[in-house]
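One structure below.
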Protein chains: 2
Amino acid sequence: MSQGYTIGRLSQLSGVNLETVRYYERIGLLPAPQRADNGYRRYNDAAARRLRFIRRGRELGFGIEAIRTLLQLVDHPQQPCHEADQLTRSHLEDVEAKIADLQAMRDELIRLAGCQSDSAEHCRLIEALDQGPD
Amino acid sequence: MSQGYTIGRLSQLSGVNLETVRYYERIGLLPAPQRADNGYRRYNDAAARRLRFIRRGRELGFGIEAIRTLLQLVDHPQQPCHEADQLTRSHLEDVEAKIADLQAMRDELIRLAGCQSDSAEHCRLIEALDQGPD
DNA sequence: CTTGACCCCGTAGTTGCTACAGGGTTTAGC
DNA sequence: GCTAAACCCTGTAGCAACTACGGGGTCAAG
């Protein structure tokens, strides 16, 4: 057996689902690796690093296209990071908006939960949906 | 012109996108309405109420299947609302978990935003993704 | 009588995976 | 040497919940 990792091993090392690794390759996020004689993909440490980079970006909620941009910055480390910072700020705004939305949902759900009416007609939730505001 | 609303009017009244109305009909969430002689859909107030119900449910973050269940309770108002309350509580848990996830993202993004390095190599975000934890 | 705004249907695209189906290969144990 | 499990391959279809076509028919105003 030659050097490097199989896709399964890479999946373990990076914490990215094996099918997802192939998916990233298909969409051009992860470069296609070399192949062993039997056709199996052979990855090296650089690939593992890149994949962990992608995973961390996803965990921070960045979209695939944002990560593609960030990877280009990794590949051209001389460029200023203004673009990365723009992505971060704009994503931060999105995240904060989503938090606000969800908090409003949560408050409303708390208000509506715990109903024990024995007829749906007078259920707090059903009433709110049926005759609610707007 | 007979009575009732066209799909476009219903869309305005309910605040639901016109294409989405047809989609709800296709998946059986909104009953198929009567048709006028020209084949156009004709809605009544009951349909408008039902659609607003669906919209409010979606705004609270309920999934389509949950709303399907809630609509059945509307149609059988004698049943106790235990099931609705179960849906509410379980959905509330999901929402709270999502809020927690997003807050963790937000904190991290705030930490990483505002970088003004003139080389991506030393960009706070890029570094965090490249050499971060895990 | 034409122009624009509306309606119809069916299908494909979106995001980011995940899950097959239907194969081939390798490895560990006997 | 053989078999069974565990791995790998490709390509395609499914998920949620829409949204956006494409290619047509209809209707109301000027």
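A note on names: the letters A, B, ... follow the listed sequences, proteins ahead of strands, and every chain is numbered from 1. Note that these values count all heavy atoms, side chains included, but never hydrogens, waters or copies made by symmetry.
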Atom [atom1] of [X] and atom [atom2] of [N]: how far apart are they, to the nearest Å?
{"X": "A:R55", "N": "C:dG16", "atom1": "CZ", "atom2": "P", "value": "17 Å"}
{"X": "B:R42", "N": "C:dC6", "atom1": "CZ", "atom2": "P", "value": "14 Å"}
{"X": "A:L60", "N": "C:dG16", "atom1": "CG", "atom2": "P", "value": "14 Å"}
{"X": "B:E25", "N": "D:dA17", "atom1": "CD", "atom2": "P", "value": "19 Å"}
{"X": "B:Y43", "N": "C:dC8", "atom1": "OH", "atom2": "C1'", "value": "12 Å"}
{"X": "A:R26", "N": "C:dA19", "atom1": "CZ", "atom2": "C1'", "value": "12 Å"}
{"X": "A:E59", "N": "C:dG16", "atom1": "CD", "atom2": "P", "value": "15 Å"}
{"X": "B:N38", "N": "C:dC8", "atom1": "CG", "atom2": "P", "value": "8 Å"}

- Step through the shown structure and confirm whether more than 12 heavy atoms of other residues, nucleotides or ligands are within 6.0 Å of CD on A:Q34.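 At most 12 heavy atoms, drawn from other residues, nucleotides or ligands, come within 6.0 Å of this atom.
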- Query: Does A:N38 CG have over 12 foreign heavy atoms under 6.0 Å away?
  - Reply: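 More than 12 within 6.0 Å, yes.
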- Query: Less than 4.0 Å between a side-chain N and a carboxylate O, is that true for A:R55 and A:E59?
  - Reply: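 Answer for the salt bridge query: yes.
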- Message: Check this one for me: any side-chain N or O of B:R41 less than 4.0 Å away from OP1 or OP2 of C:dC8?
- Response: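 Checking C:dC8 against B:R41, a side-chain N or O does come within under 4.0 Å of OP1 or OP2.
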- Can you tell me if the side-chain N/O atoms of A:R35 get under 4.0 Å from OP1 or OP2 in D:dT10?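 It does, given that an N or O in the side chain of A:R35 lies less than 4.0 Å from OP1 or OP2 of D:dT10.
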Looking at [X] and [Y], would you say the former's side chain and the latter's main chain have a donor-acceptor pair under 3.5 Å?
{"X": "B:R41", "Y": "B:I7", "result": "no"}
{"X": "A:R124", "Y": "A:R111", "result": "yes"}
{"X": "B:R42", "Y": "B:G4", "result": "yes"}
{"X": "A:R50", "Y": "A:L30", "result": "no"}

- Item | Most 5' of B:F62 and B:D37 on DNA chain D, judged by nearest nucleotide |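 Final value for this comparison: B:F62.
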Nucleotide of [options] approaching [X] most closely (side-chain heavy atoms):
{"X": "A:I64", "options": "C:dC17, D:dC9, D:dA17", "result": "C:dC17"}
{"X": "A:R58", "options": "C:dG16, D:dT10, C:dT18", "result": "C:dG16"}
{"X": "A:Y40", "options": "D:dT10, C:dG24, C:dC8", "result": "C:dG24"}

- Could you check which residues of residues 5-24 of chain B get a heavy atom under 4.0 Å from DNA chain C? Sort them by number, please.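 Nucleic-acid contacts, sorted: B:T6, B:I7, B:G8, B:L18, B:R22.
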